[in-house]
Amino acid sequence: MPELPEVETIVRGLNSMVKGLTVQRLPHVSPHLLKREPQLRQLTGDTFKLFERRGKYIIAHLKSGKRLMIHLRMSGCILVGEDQRRRDKHDHLEIVFRARRRRLVFRDVRKFGVIQFVRDGQQETLNRLGVEAPAITASQLQALVCQSKRPVKSLLLDQYVIAGLGNIYVDESLYRSGIHPLQAASSLSANEIRALARAIRQIMASAIKNLGTTFDSFLGVNGETGRFARYLKVYHQDGSRCGECGDIIARIKVGGRGTHFCPTCQKEHRRS
DNA sequence: ATTCTCACCTGTTAGC
DNA sequence: TGCTAACAGGTGAGAA
């Protein structure tokens with residue numbers, strides 16, 4: 001499940017492998033992508049000028065002035081290669097470039113991924129996204145948590161509050177800062193807010209450096225796996241022992257999502 | 001207004 | 001052994 005570090009890894013790969021290339025043809029565009037973006041074939045003849053990331057969105061700037069927005073959701077991945085790979089049943093978009101026999105494939109087992117041109121509605125979504133997770137400061141986080149009684153985990157997952165965090169990195173950030181996922185956001189102490197902001201920045205930086213986390217399916221554009229999985233302390237570690245205290249990592253549901261934490265290191269408390 | 005729940009989708013896994 | 005049912009999860013629409 002690509003979160004910010006995985007998307008950042010892909011964007012860097014695209015800037016190194018696809019930037020400057022012109023689309024020659026689209027040998028394959030799946031109906032379900034066309035349903036979301038009927039104009040997708042307009043990519044033909046256009047040139048990718050630059051790729052950037054906002055939260056978990058990939059934004060491709062085209063020579064025509066159009067911008068293409070890609071969200072990988074659960075299982076989307078982008079693969080770039082030279083060879084004539086045979087088409088996988090989960091490939092939904094195939095782009096062949098004019099130069100260098102290069103081709104790009106968008107593969108998405110669960111079909112949640114979205115590719116569409118940026119129009120007013122999409123621009124509005126981008127505008128509303130919260131502060132970029134790798135850059136969040138304690139004072140920014142303070143201003144965000146004090147307004148909400150939601151469980152801190154739910155708040156951190158809200159892309160319009162903080163952009164880029166998903167289930168893996170939220171669980172890891174809360175563990176590193178010793179905060180219980182169900183703790184009400186507005187009840188966090190000043191120390192906890194400082195620790196949480198620092199944990200988010202550190203974990204984002206480390207995960208980006210390690211090319212993301214491959215838990216089951218994430219791949220970079222070259223097909224390489226992320227290396228951050230080896231540093232996971234709680235995510236999908238339920239039943240194992242906490243590296244700090246030896247207690248058993250627990251798993252609960254928060255906002256409908258699997259949530260992993262150490263019952264000893266992350267205690268819920270009444271107020272700040 | 002804010003927050004929660006569910007649908008979307010399909011490969012994997014648990015359970016009978 | 002073989003099958004079915006539950007599960008995973010990011011987001012947005014609709015409900016509470």
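Order of the sequence lines fixes the chain letters, A, B, ..., with proteins taken first and strands second; residue numbering starts at 1 for each chain.
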Peer 1: Please state how far atom CZ in A:Arg257 lies from atom P in B:dA7, giving the value in whole angstrom units.
Peer 2: 15 Å
Peer 1: Let me know the distance between CG of A:Leu157 and P of B:dT5, rounded to the nearest Å.
Peer 2: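 Result: 14 Å.
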Peer 1: Does OP1 or OP2 of B:dG11 have a side-chain N or O of A:His90 closer than 4.0 Å?
Peer 2: yes
Peer 1: Rounded off to whole Å, could you give me the CG-to-C1' distance for the A:Asp158 and B:dT5 pair?
Peer 2: 15 Å
Peer 1: Would you say a side-chain N or O of A:Ser75 is under 4.0 Å from OP1 or OP2 of B:dC9?
Peer 2: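 No, A:Ser75 has no side-chain N/O under 4.0 Å of OP1/OP2 on B:dC9.
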Peer 1: Using a 4.0 Å heavy-atom cut-off across all strands, classify A:Arg150 as base, sugar-phosphate, or nothing.
Peer 2: sugar-phosphate
Peer 1: Tell me which of A:Leu155 and A:Phe112 sits closer to the 5' end of DNA chain B, going by the nucleotide each one is nearest to.
Peer 2: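 Nearer the 5' end of the strand: A:Leu155.
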Peer 1: Considering only heavy atoms from C-beta outward, does the side chain of A:Thr213 approach that of A:Tyr231 to under 4.5 Å?
Peer 2: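 Contact flag for A:Thr213/A:Tyr231 side chains = no.
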Peer 1: Categorize A:Arg36 for me: base, sugar-phosphate, or nothing, with a 4.0 angstrom heavy-atom threshold over every strand shown.
Peer 2: nothing
Peer 1: Base, sugar-phosphate, or nothing for A:Gly256, non-hydrogen atoms under 4.0 angstrom?
Peer 2: nothing
Peer 1: Using a heavy-atom cut-off of under 4.0 Å over every strand shown, decide if A:His236 touches base, sugar-phosphate, or nothing.
Peer 2: sugar-phosphate
Peer 1: I want to check something: taking the side chain as every heavy atom from C-beta on, are A:Met17 and A:Arg102 in contact at a cut-off of under 4.5 Å?
Peer 2: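 The answer is yes; the side chains approach within 4.5 Å.
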Peer 1: Looking across every strand, which nucleic acid part, if any, lies under 4.0 Å from A:Tyr169 by heavy atom: base, sugar-phosphate, or nothing?
Peer 2: nothing
Peer 1: What is the separation between atom NZ on A:Lys111 and atom P on B:dT10, rounded to the nearest whole Å?
Peer 2: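 After rounding, the gap between these two atoms is 4 Å.
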Peer 1: If you look at every strand shown and take non-hydrogen atoms under 4.0 Å, does A:Ser148 touch a base, only sugar-phosphate, or nothing?
Peer 2: sugar-phosphate
Peer 1: Under 4.0 Å from a heavy atom of chain A: give me the 5'-most and 3'-most nucleotides of DNA chain C that qualify.
Peer 2: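 Terminal contacting nucleotides, 5' to 3': C:dA8 to C:dG12.
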Peer 1: Would you say a side-chain N or O of A:Lys149 is under 4.0 Å from OP1 or OP2 of B:dT3?
Peer 2: no
Peer 1: For the residue pair A:Arg128 and A:Tyr160, what are the closest heavy atoms and their distance?
Peer 2: O-CD2, 3.3 Å
Peer 1: Are any of A:Lys89's side-chain N or O atoms less than 4.0 Å away from OP1 or OP2 of B:dG11?
Peer 2: yes
Peer 1: What are the two closest non-hydrogen atoms of A:Lys153 and A:Asp171, and how far apart are they?
Peer 2: NZ-OD1, 2.8 Å
Peer 1: Could you state the atom-to-atom distance from NZ of A:Lys35 to P of B:dC8 in whole Å?
Peer 2: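 Whole-Å distance recorded here is 11 Å.
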Peer 1: Please examine the side chains of A:Phe48 and A:Lys19, heavy atoms only from C-beta on, and report whether any two atoms are closer than 4.5 Å.
Peer 2: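 A side-chain contact under 4.5 Å is absent here.
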Peer 1: Could you tell me if the side chain of A:Ile95 sits less than 4.5 Å from the side chain of A:Leu21, heavy atoms only?
Peer 2: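 No, too far: nothing below the 4.5 Å cut-off.
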Peer 1: If only side-chain N and O atoms count, and only distance matters, is there a donor-acceptor pair under 3.5 Å linking A:Ser187 with A:Gln183?
Peer 2: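 Distance-only check passes for A:Gln183 and A:Ser187.
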